[in-house]
Number of protein chains: 2
Amino acid sequence: MGLVVQKYGGSSVADAEGIKRVAKRIVEAKKNGHQVVVVVSAMGDTTDELIDLAEQVSPMPAGREFDMLLTAGERISMALLAMAIKNLGHEAQSFTGSQAGVITDSVHNKARIIDVTPGRIRTALDEGNIAIVAGFQGVSADKKDITTLGRGGSDTTAVALAAALDAEVCEIYTDVDGVFTADPRVVKKAKKIDWISFEDMLELAASGSKVLLHRCVEYARRYNIPIHVRSSFSGLQGTWVSNEPTGDPKVEQAIISGVAHDTSEAKITVVGVPDKPGEAAAIFRAVADAEINIDMIVQNVSAASTGLTDISFTLPKAEGRKAIDALEKTKATIGFDSLRYDDQIGKISLVGAGMKTNPGVTADFFRALSDAGVNIELISTSEIRISVVTRADDVNEAVTAVHTAFGLDSDSDEAVVYGGTGR
Amino acid sequence: MGLVVQKYGGSSVADAEGIKRVAKRIVEAKKNGHQVVVVVSAMGDTTDELIDLAEQVSPMPAGREFDMLLTAGERISMALLAMAIKNLGHEAQSFTGSQAGVITDSVHNKARIIDVTPGRIRTALDEGNIAIVAGFQGVSADKKDITTLGRGGSDTTAVALAAALDAEVCEIYTDVDGVFTADPRVVKKAKKIDWISFEDMLELAASGSKVLLHRCVEYARRYNIPIHVRSSFSGLQGTWVSNEPTGDPKVEQAIISGVAHDTSEAKITVVGVPDKPGEAAAIFRAVADAEINIDMIVQNVSAASTGLTDISFTLPKAEGRKAIDALEKTKATIGFDSLRYDDQIGKISLVGAGMKTNPGVTADFFRALSDAGVNIELISTSEIRISVVTRADDVNEAVTAVHTAFGLDSDSDEAVVYGGTGR
C-alpha cells in the first residue's frame, strides 16, 4: 500500500456536515493502509464571499493582498478537516501551501508552481499523521510572499504534491461521478467515462470540459501520475486518467472519448487586412502584448480583386474589451478596415485518439451538425480533436446531435466502430 | 516624526465601511510624516463564527489546528485593510504574525511572545509602505507552527512590535473613548482618564477593567512604550498610559485613578482545615497543579476551641469545576471537612498610587461601602489598590457609591484631596 493524494473541492466541504463526511472517507483510506495526503479547497462559497468583500473595499485589489485574502479560505477548511479527523481518533496535521513546500513564481493570482519541497509533509506522514494541505496556494521563491494558483489551482496542488511524493494515485473528489462523454446538464444521455488517456483529457479540458483543468492534466502527464476523478458523495469508481488503462482490464480506449462545448468565448474579426507578409504577425503580436490568450484562428482566402483578407480569432469573452483596445491602437500601422466583435458564439469539439486512424470521423461530425441544422462558422483541428464555432443558441442542440451520432448515448448498444469504410 | 504603531480591534473593522474608515485614519498618520505600522484584529464576529464552526466539527478541537483556524480571521482583515489603503493612493503591505517576526513559545491558544524579529516590517517601512500586521498570532520557535496569543492578543502584538521597532507610541484604537474612572455602563458619571501610570493601569486591569489587558500593559511598562487608548470612531484624545504624564502639562497624577469591578470570579471556601503548618501549602499546591490561577486568599483566625480554620480564595468562575475536582481528590490527605462554592460574588477595587501616602483612603473606602449598605466578605490590598469581595447583587451600587465618595464623578468639582487628615 503506497501513498495516495486526495483532493476535495469546495462543494465537498461546504459545511460542517460535509467536512465530517469527508473526514470519514479520508480515515477509511488510512485504515486501508495508505499514507494519505489531502488537498482541500475553501468551503463552499467562501472564496466568492472574500472576493465580494475585496470589491467593497477596493475596485482594483492589489495582487499580493488579494492572494493573502483568498488563502484565508483554505486555512479555515484545512484546520476544520484536521480537527474532524482527530475527532475520529486519527492523527492529522494541516499545512499551508508555504508550509507544504509549494514554491511558485511571483505572478499573483495566477502563480505557477516551480518547485515542491514537501519535507514537512514527509515528516508528518512518517510520524503516522494524515497530512492536510491547503490547495490553491504557495509561496513565491524570491519575495516569500503568499501566492495563489488561479482557477482550479487546488487540483494542480494535488497533482504537484502527488508527483513530489511519488504517489500511487491522485484522487480528485468532486460533486460529479467523473468525466462524462458530454456535459450531463446539456446531454441527458451522457455517460461516465471509465478511463481516458492524458492526451484526450487534455483536449477535452482545452475544449470546455470543466471537470479537470488543462494545467492539472498537463502536470499529471509530465510526471505520469494517474488521476482518479470521483464523487465525494458516493463510493463509486469514477474516471481514471492515465497513460494506460488501469484497474478493470476490460476497459479499452474508445475511438471517441467525448464531446465538449464552450460558450465562454467571443470572436473578433479583423476586416480588410492587406494580404501581404507580416500583417497577421503584427495583429497577433498586438494581442499577445496585451497578454491575451487566443484560441482558434482562421484567415479567409484573400479576394483577388481587392488584395484584402479577413482574419478571425476566438478568445475568452472576459478579454474581449482589452483585445479590441489593443488592436484599435495599431489600426494605423497595420492598416485594416475595421473590427467586428461577436460574443454570441459557441464551440463544439469532438475528442478522441481514434481520429488519427479513422478518416471518416470528420465527415460524420459535419454531417451530424448539418442534419441538426447547425451552421458552422469556423473550423479548427488537431490530431485528436475537431472543433467548430457555431451560434451560441445552437450549441446545446449540436452537442446532443453529435453525441448521439457517435453512439455515445447511455442507451446506445455500443460506440460507433470505424473500420476504414468511413461508415 | 517617528514611528507609530496603531492597533484596531474587531469592532473598528467590523465591515467594509469600517475598514475604509480605518484606512483613512491610517493614511492621515502617514501624511503627518509618521512611519506607520498597523496591527489589526479579525473583523467583528469572525473569530466567534470560526469557533462555532470548530465546535460543530469537533467537541475538543486540537490546539495546533484551532490556532490555524482562528488566524484566518486576521488574514482576511489585514489583506482588506491593505487594499483599502492602496485604494487611497498609498503603499501598504500586509504581513502574517510569522512574516512580521512574532516568535512565540509552543503553547497553542495562549502562546507567549519570546522574540520579535521585524526585518520584513523594517524593509517595508523603508520602502515607503504602511505595514499591516495580523494581530493575535505568531509562529512557534521550535516547530514553526502557527500559534495564537489568547484573549486580547492583538494588543500584545501591537506593544511587542512597538518595542521591537522602538516606536514613539502604541495607539490602541477601540470602540470607547479611553480608560474611565469606572465602567461607564455601570457608573453613568464615570470620567475619561487623560493620563494614568503603568502601575495604576496594571492594577485596574488586574481588577476587572477590560479596556487593556494586564499582559499588554506589563509588556509596555517593561519596554517603556507609551500607550494611547482612543476611539477609532472619533478624533478625540483618549487615555495615555506611560511612566510620566505626556502631552498636556496640566495633567497630574490623581490620588485615585479609578474604581474597577469584576463579577467573573467565584469563591471557594475550604471548611475545617486543621490549623497546622503545611495545610495551606497543600491546598494551594493541589490548585496550582490543576493550572488554575487564583486571585484573593483569606485565612480566617483559627477557633481556639477546635484547632480548625477556614481558607477562602477567589478564582475565575470558568475554572470552578476543575478546582473543586482537584481539591476533592486531596480531601483525605489534607483532612478538611468540606468545600463551599459560591459564584454569586463581586469584587470592587479602588486603585491609585496616592494611596501609598494617604492613610485615610482605606477608611473612606470602607465608610462609603458601609453607607451604601454593602457588606464586605473578603479584603485584599496592595500598595496602590484595595479590593473587597461583596455579594454580586451589590456590585453596581457599591461601585457607584465609591466613585462618588472619592470625587470621581464627572459633575464633581474636583477629586478628593488628602492632606494627611484622613478627610
Side-chain angles (χ1 to χ4, degrees), chain A residues 13 15-20 22-23 42-43 46 49-50 52-88 91-96 98-99 120 123-124 129 132 134 139 143-146, chain B residues 13 15-20 22-23 42-43 46 49-50 52-88 91-96 98-99 120 123-124 129 132 134 139 143-146:
Chain A
V13 291
D15 52 21
E17 285 315 305
I19 286 171
K20 287 195 266 189
V22 164
M43 294 170 73
T46 308
E49 287 163 19
L50 292 173
D52 190 49
L53 266 175
E55 283 169 354
Q56 286 178 51
V57 162
S58 168
M60 292 280 283
R64 181 184 184 280
E65 303 306 326
F66 201 58
D67 281 354
M68 186 69 92
L69 177 72
L70 293 190
T71 52
E74 283 77 29
R75 204 177 181 92
I76 295 170
S77 55
M78 76 185 194
L80 291 171
L81 189 51
M83 288 178 197
I85 291 170
K86 288 167 92 84
N87 197 41
L88 296 174
E91 287 305 312
Q93 287 197 335
S94 67
F95 298 92
T96 64
S98 168
Q99 291 176 334
R120 289 189 71 173
T123 305
N129 287 287
I132 315 291
V139 62
K143 292 187 183 166
K144 310 292 174 214
D145 279 334
I146 304 301
Chain B
V13 291
D15 52 21
E17 284 315 305
I19 286 171
K20 287 194 265 190
V22 164
M43 294 169 74
T46 309
E49 286 163 18
L50 292 174
D52 189 50
L53 266 175
E55 283 167 355
Q56 286 178 52
V57 162
S58 168
M60 292 281 282
R64 181 183 184 279
E65 303 306 325
F66 201 59
D67 281 354
M68 185 69 93
L69 176 73
L70 294 189
T71 52
E74 284 77 29
R75 204 176 180 91
I76 294 170
S77 55
M78 76 185 195
L80 290 171
L81 189 53
M83 288 177 196
I85 291 170
K86 288 168 91 83
N87 196 41
L88 296 175
E91 288 305 312
Q93 287 196 336
S94 67
F95 298 92
T96 63
S98 168
Q99 290 176 337
R120 288 189 70 174
T123 306
N129 288 287
I132 315 290
V139 63
K143 292 188 184 165
K144 310 292 174 214
D145 281 334
I146 304 301

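Basis for what follows: all heavy atoms, side chains included, without hydrogens, waters or symmetry-related copies. Chain identifiers are assigned alphabetically (A, B, ...) following the order of the sequence lines, protein sequences preceding nucleic acid strands; residue numbering begins at 1 within each chain.
- The two residues B/A23 and B/A84 come nearest to each other via the heavy atoms CB-CB, 3.8 Å.
- The greatest number of non-hydrogen atom pairs below 4.5 Å with chain B, out of A/L70, A/V57, A/D15, is found for A/V57.
- Minimum interatomic distance between A/E74 and A/A134 (heavy atoms only, all atoms of both residues): CB-CB, 3.6 Å.
- Side-chain atoms of B/T123 and B/N129, non-hydrogen and from C-beta on, never get closer than 4.5 Å to each other.
- In plain terms, the two heavy atoms of B/P59 and A/N87 that are nearest each other are CD-OD1, 3.3 Å.
- Chain A forms more heavy-atom pairs under 4.5 Å with one residue of B/L81, B/L88, B/I76, B/T96 than with any other, namely B/I76.
- Between A/E65 and B/K86 no salt bridge is recorded (no basic side-chain N to carboxylate O distance below 4.0 Å).
- Only the side chain of A/M43 comes within contact range of chain B, with at least one heavy atom under 4.5 Å from a heavy atom of that chain.
- Here A/M68 is the residue among A/Q99, A/M68, A/M78, A/Q56 with the most heavy-atom pairs under 4.5 Å with chain B.
- Residues B/L53 and A/I19 are not in side-chain contact: their nearest non-hydrogen atoms beyond the backbone lie 4.5 Å or more apart.
- The contact between A/L80 and chain B is made by backbone and side chain atoms together, counting heavy-atom distances below 4.5 Å.
- If you tally non-hydrogen atom pairs under 4.5 Å between each of A/S94, A/A79, A/A16 and chain B, the highest count goes to A/S94.
- Chain B forms the most heavy-atom pairs under 4.5 Å with one residue out of A/E17, A/Q93, A/R75, A/M83, and that residue is A/R75.
- The contact between A/T71 and chain B is made by backbone and side chain atoms together, counting heavy-atom distances below 4.5 Å.
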